[in-house]
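Values below: every heavy atom of this structure, side chains too, minus hydrogens, waters and symmetry copies. Not measured: the values here are computed from a predicted model. A, B, ... follow the sequence lines: proteins, then strands. Residue 1 opens every chain.
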Amino acid sequence: MHVSRPDLVPDASLERSEMETLQREIADAAVFEDALEFDPAVLGDPLVASTSEDDPPIVAGVDQSFLTNDAGDQDRALSAVVAVQGDEVIERVHAVTPLSIPYIPGLLSFREGAPIIDALEELSVEPDLLLFDGSGRIHFRQAGIATHMGVVLDVPSIGIAKSLLCGSPREDVENLPEGTRVPIEANSRVDAAEGTLLGYAVQTRQYDSPDRHINPLYVSPGHRVGPETAADVALATSSSYKLPDPVRLADSYADEAKRGLGE
DNA sequence: GCGACAG
DNA sequence: ATCTTGTCGC
């Protein structure tokens with residue numbers, strides 16, 4: 001893949017206020033509605049997929065692991081990408097990139113963005129959709145890492161977060177039935193009209209027993225995907241685990257590749 | 001000043 | 001994110 005908006009690439013050397021200004025530009029450039037070149041329905045329904053004349057869409061999951069130097073600091077990120085088509089893994093790539101800034105809530109893309117772009121540039125196939133570990137529109141300035149990457153690359157993207165950064169669930173999200181979703185709307189901490197639909201809490205997996213339960217994922221549009229479709233995709237790409245397959249595979253590949261460096 | 005805070 | 005064995009439950 002290649003960068004289509006070099007001017008919007010996250011630059012870790014910017015001042016904090018400049019980063020926030022760039023995020024507002026990203027949010028303005030982002031499209032929070034469906035603008036895909038494939039029918040997302042083929043992802044979940046094998047019947048629909050078999051009816052299609054086209055090849056199945058390529059969905060790539062992206063995740064990072066971190067490397068520590070002798071002093072014990074996290075000085076490099078290993079960004080991993082796993083491209084899936086149908087139920088086949090068609091490519092896996094990774095890149096190791098130096099880190100310059102620490103994790104700061106709300107500024108994640110300035111820490112992990114460059115490593116992610118490095119890894120995606122290694123990919124030979126062209127993904128139709130990117131799934132990121134983190135938020136998309138569910139962000140203080142509506143420009144989470146999935147949105148930032150989607151806009152810079154101009155590719156449809158979705159944010160898959162394991163916890164909620166901001167915004168408020170319309171209802172209780174405790175112990176939701178599998179397959180259900182609860183709207184997440186903008187609150188005072190978000191740079192959007194109060195009540196704006198930012199994404200969904202999505203329950204991809206749930207236990208049967210009343211004893212324990214699984215927390216939902218927080219799914220939001222990155223770029224060129226609407227909130228409903230983002231939630232649909234999260235459910236359709238989650239087979240046996242809580243996380244969508246591409247993201248889970250990228251997660252484990254990031255660890256696997258890291259271990260491969262040590263020995 | 002206090003609280004909240006993706007990975 | 002990361003440090004990490006056993007253990008509870010289906």
S.K.: Tell me the interatomic distance from A/Phe140, atom CZ, to B/dG3, atom P, rounded to whole angstroms.
M.R.: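 My rounded result for the distance is 16 Å.
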
S.K.: Does the pair A/Arg248/A/Asp251 count as a salt bridge with the N-to-O cut at 4.0 Å?
M.R.: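 Result for this pair is no, no salt bridge flagged.
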
S.K.: Could you measure the distance from the NZ atom of A/Lys162 to the CG atom of A/Asp133? Nearest 0.5 Å is fine.
M.R.: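 The CG atom of A/Asp133 is 3.5 Å from NZ of A/Lys162, to the nearest 0.5 Å.
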
S.K.: Hey, is A/Arg224 close enough to A/Asp128 for a salt bridge, meaning N to O under 4.0 Å?
M.R.: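 No salt bridge links A/Arg224 with A/Asp128.
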
S.K.: Under 4.0 Å, heavy atoms only, any strand: does A/Ser135 hit a base, just the sugar-phosphate, or nothing?
M.R.: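 If one applies the 4.0 Å heavy-atom cut-off, A/Ser135 turns out to touch a base.
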
S.K.: Just the table, please: protein N/O against nucleotides 1-4 of chain C N/O, every pair under 3.5 Å.
M.R.:
unit_1, atom_1, unit_2, atom_2, d
C/dA1, OP2, A/Lys162, NZ, 3.2
C/dT2, OP1, A/Lys258, NZ, 3.3

S.K.: Let me know the distance between CD of A/Gln23 and P of B/dC5, rounded to the nearest Å.
M.R.: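 So the CD-P distance, A/Gln23 to B/dC5, works out to 18 Å.
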
S.K.: Compare every heavy atom of A/Gly199 with every heavy atom of A/Pro227, then report the nearest pair and how far apart it is.
M.R.: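 Shortest heavy-atom separation between A/Pro227 and A/Gly199 comes out as CB-CA, 4.4 Å.
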
S.K.: A/Ile138 near the nucleic acid: base, sugar-phosphate alone, or nothing, with a heavy-atom cut-off under 4.0 Å?
M.R.: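 A/Ile138: no heavy atom of the nucleic acid under 4.0 Å.
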
S.K.: Look at all strands and tell whether A/Gly106 reaches a base, only sugar-phosphate, or nothing, counting heavy atoms closer than 4.0 Å.
M.R.: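 Base contact - A/Gly106 has a heavy atom under 4.0 Å of at least one base atom.
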
S.K.: Does A/Pro127 reach the side chain of A/Met1, with side-chain heavy atoms less than 4.5 Å apart?
M.R.: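 Side chain of A/Pro127 against side chain of A/Met1, heavy atoms only: contact under 4.5 Å found.
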
S.K.: Which atoms form the tightest heavy-atom contact between A/His223 and A/Gly150, and what is the distance?
M.R.: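 The pair with the smallest heavy-atom distance is CD2-O, 3.3 Å.
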
S.K.: Pull out every protein N or O sitting under 3.5 Å from an N or O of nucleotides 8-10 of chain C, one pair per line with the distance.
M.R.:
none

S.K.: When the distance from CZ of A/Arg141 to C1' of B/dC5 is rounded to whole Å, what number comes out?
M.R.: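 So the two atoms are 12 Å apart, to the nearest Å.
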
S.K.: Between B/dA6 atom P and A/Leu165 atom CG, what is the distance in whole Å?
M.R.: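 My rounded result for the distance is 6 Å.
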
S.K.: Just wondering, more than 12 heavy atoms not from A/Glu37 lying within 6.0 Å of its CD?
M.R.: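 No.
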
S.K.: Answer with base, sugar-phosphate or nothing: what part of the nucleic acid does A/Leu107 contact at a heavy-atom distance below 4.0 Å?
M.R.: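 It contacts base atoms.
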
S.K.: Indicate whether the side chain of A/Thr147 and that of A/Gln142 have a donor and an acceptor atom separated by less than 3.5 Å.
M.R.: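 Per modelled atom types, A/Thr147 and A/Gln142 side chains form no pair under 3.5 Å.
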
S.K.: Grab the CG-P distance between A/Asn187 and B/dC5 for me, whole Å please.
M.R.: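 So the CG-P distance, A/Asn187 to B/dC5, works out to 10 Å.
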
S.K.: Check A/Glu256 with A/Arg92, please: is the shortest side-chain N to carboxylate O separation under 4.0 Å?
M.R.: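 Salt bridge between A/Arg92 and A/Glu256, a charged N being under 4.0 Å from a carboxylate O: yes.
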
